[in-house]
Amino acid sequence: MILGIVKGNLVSTIKNEYLRGHKLLLISQIDINGNLLDKQEVIALDLVDAGIGDKVIVVQEGDAIQQMLGHSNAPVNTMIICVVDNIEVIEN
Amino acid sequence: MILGIVKGNLVSTIKNEYLRGHKLLLISQIDINGNLLDKQEVIALDLVDAGIGDKVIVVQEGDAIQQMLGHSNAPVNTMIICVVDNIEVIEN
Amino acid sequence: MILGIVKGNLVSTIKNEYLRGHKLLLISQIDINGNLLDKQEVIALDLVDAGIGDKVIVVQEGDAIQQMLGHSNAPVNTMIICVVDNIEVIEN
Amino acid sequence: MILGIVKGNLVSTIKNEYLRGHKLLLISQIDINGNLLDKQEVIALDLVDAGIGDKVIVVQEGDAIQQMLGHSNAPVNTMIICVVDNIEVIEN
Amino acid sequence: MILGIVKGNLVSTIKNEYLRGHKLLLISQIDINGNLLDKQEVIALDLVDAGIGDKVIVVQEGDAIQQMLGHSNAPVNTMIICVVDNIEVIEN
């Protein structure tokens with residue numbers, strides 16, 4: 001699972017019927033301090049109603065998504081599982 | 001899932017029977033602004049009739065593909081799930 | 001599986017019910033000598049009560065986690081499997 | 001799935017019984033123009049009788065391999081699924 | 001699957017009961033000529049009795065490991081499948 005920030009909303013016309021109605025967001029990866037990482041962006045299904053600018057936890061595995069959707073028909077393997085409110089860092 | 005742009009079409013003679021008749025496209029990864037990322041290209045099965053130059057969403061997981069093909073006999077784990085029409089970005 | 005060091009604790013309000021009560025830690029990847037690697041941080045479920053600063057082994061696969069949780073309802077695919085006490089390196 | 005070129009043949013004495021008799025090849029990743037990418041080499045099971053120098057498509061998922069082998073006993077998750085004859089690139 | 005060299009042995013006190021008794025080794029990734037790659041080290045279960053300095057093939061997938069262990073209770077997804085004796089490279 002990775003930490004990211006929601007950057008945008010994807011609009012597509014050709015969609016699998018099981019994807020229809022689901023929001024697909026584009027997520028940039030960030031570090032513990034909220035800085036953008038020079039990494040690839042990922043596209044994630046949003047079931048927790050995240051907004052642009054939210055810090056989120058993204059999981060990349062098909063089985064996890066099917067558990068949340070309740071069926072295994074959607075061809076997706078990346079989803080937002082929660083919005084992060086705060087990160088506690090204790091320096092050693 | 002990742003965002004990419006279709007760059008080319010792969011032609012091969014030795015093919016698994018379950019791959020025969022399916023188009024295999026070569027996809028370069030792009031960022032939210034459509035710029036090419038310095039990442040590896042991926043090869044994806046195309047079931048949505050994407051064309052060269054199209055921006056697409058690519059999913060990399062075997063189970064997702066088997067759901068769209070309706071059987072589990074094709075030895076592939078990467079596919080195009082939709083063509084992207086537009087990306088809405090709201091700057092914060 | 002990868003070697004990492006626990007850097008922080010994630011606090012989130014919107015949580016899947018199966019995640020509730022579980023600690024989510026942010027892990028930085030380290031090399032054999034304990035130096036931080038220039039790699040993306042990962043978020044892992046903690047079932048072994050690791051503390052900030054602990055060196056840990058992180059496994060990234062949903063099935064492995066479901067085995068330790070005893071059910072397959074939590075949408076997570078990364079977890080800490082043990083705290084590392086010592087690394088023996090024999091130079092050749 | 002990725003595009004690669006076969007670079008060498010691995011010889012090992014200690015082998016799982018289900019791997020015995022199967023050829024393991026070392027593959028370097030290439031881009032659409034056939035240039036070597038600065039990426040890690042992968043080791044793949046060869047069931048299509050690829051030769052050194054051949055451009056190949058490599059799939060990295062255990063399920064896909066078990067489908068081609070017809071059993072799930074071989075502890076491998078990377079295989080060559082076809083030799084690529086030609087890549088058609090249409091510049092936009 | 002990747003090519004690596006065994007660098008060290010991990011010692012941990014808090015262990016899942018199904019991991020107890022199994023050796024966990026730290027592996028650095030190498031190229032076809034045996035040079036260390038500037039990549040992350042991985043931790044792998046050792047069932048083939050590899051020693052420090054051995055060149056090994058590492059597979060990263062839970063299912064493959066469960067096949068070799070004969071049960072699906074160990075929360076691991078990376079293992080050494082064989083020691084490599086020789087790599088034949090034919091220059092083209």
Side-chain angles (χ1 to χ4, degrees), chain B residues 2 4-30 34 36-47 50-56 58-67 69-80, chain D residues 1-6 22-23 25 27-42 44-51 54-72 74 76-92:
Chain B
I2 57 170
I5 189 167
V6 180
K7 298 299 284 184
N9 184 27
L10 293 170
V11 182
S12 61
T13 47
I14 306 170
K15 269 199 177 170
N16 181 282
E17 63 177 303
Y18 294 104
L19 288 180
R20 210 165 288 150
H22 286 308
K23 203 167 36 158
L24 289 174
L25 297 180
L26 202 124
I27 316 284
S28 289
Q29 298 173 27
I30 56 175
L36 287 175
L37 290 170
D38 182 24
K39 299 275 177 184
Q40 185 191 332
E41 290 147 346
V42 295
I43 297 167
L45 193 67
D46 175 30
L47 290 185
I52 289 180
D54 280 349
K55 291 179 188 175
V56 294
V58 174
V59 64
Q60 295 179 290
E61 189 162 275
D63 288 348
I65 294 175
Q66 294 174 4
Q67 288 158 26
L69 289 177
H71 64 83
S72 62
N73 297 313
V76 291
N77 73 345
T78 312
M79 91 183 308
I80 297 171
Chain D
M1 297 181 288
I2 57 171
L3 189 63
I5 189 167
V6 181
H22 287 307
K23 202 166 37 158
L25 297 179
I27 316 284
S28 289
Q29 299 175 28
I30 56 175
D31 69 11
I32 203 172
N33 300 310
N35 300 318
L36 286 175
L37 290 170
D38 183 23
K39 300 276 176 186
Q40 188 192 334
E41 291 145 346
V42 296
L45 194 67
D46 175 30
L47 290 185
V48 300
D49 203 24
D54 279 351
K55 291 180 187 174
V56 293
I57 298 179
V58 174
V59 63
Q60 295 178 291
E61 189 162 275
D63 288 347
I65 294 176
Q66 295 174 2
Q67 288 158 25
M68 283 188 81
L69 289 177
H71 64 83
S72 62
V76 291
N77 73 346
T78 312
M79 91 184 307
I80 297 171
I81 58 166
C82 63
V83 174
V84 175
D85 294 319
N86 193 28
I87 304 170
E88 296 174 350
V89 184
I90 299 166
E91 297 294 335
N92 277 14

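Below, chains carry the letters A, B, ... as their sequence lines are ordered, and counting in each starts from 1.
The greatest number of non-hydrogen atom pairs below 4.5 Å with chain D, out of B/L45, B/I27, B/L26, B/V58, is found for B/L26.
Of all heavy-atom pairs spanning B/K7 and D/I32, the tightest one is CB-CD1, 3.8 Å. D/D31 and B/E41 make their closest contact through CA-OE1, 3.2 Å (heavy atoms, listed as atom of the first residue, atom of the second, distance).
Atom CD1 of residue D/I81 and atom OG of residue B/S12 lie 8.0 Å apart, to the nearest 0.5 angstrom. Atoms CD1 and CG, from D/I65 and B/N77 in turn, are 9.5 Å apart once rounded to the nearest 0.5 Å. Note: D/I57 CD1 to B/L10 CG = 5.0 Å, rounded to the nearest 0.5 Å. Residue B/I43 holds its CD1 atom at 8.0 Å from CD1 of D/I2, rounded to the nearest 0.5 Å.
Of the atoms belonging to D/Q29, it is side-chain heavy atoms, and not backbone ones, that fall under 4.5 Å from chain B.
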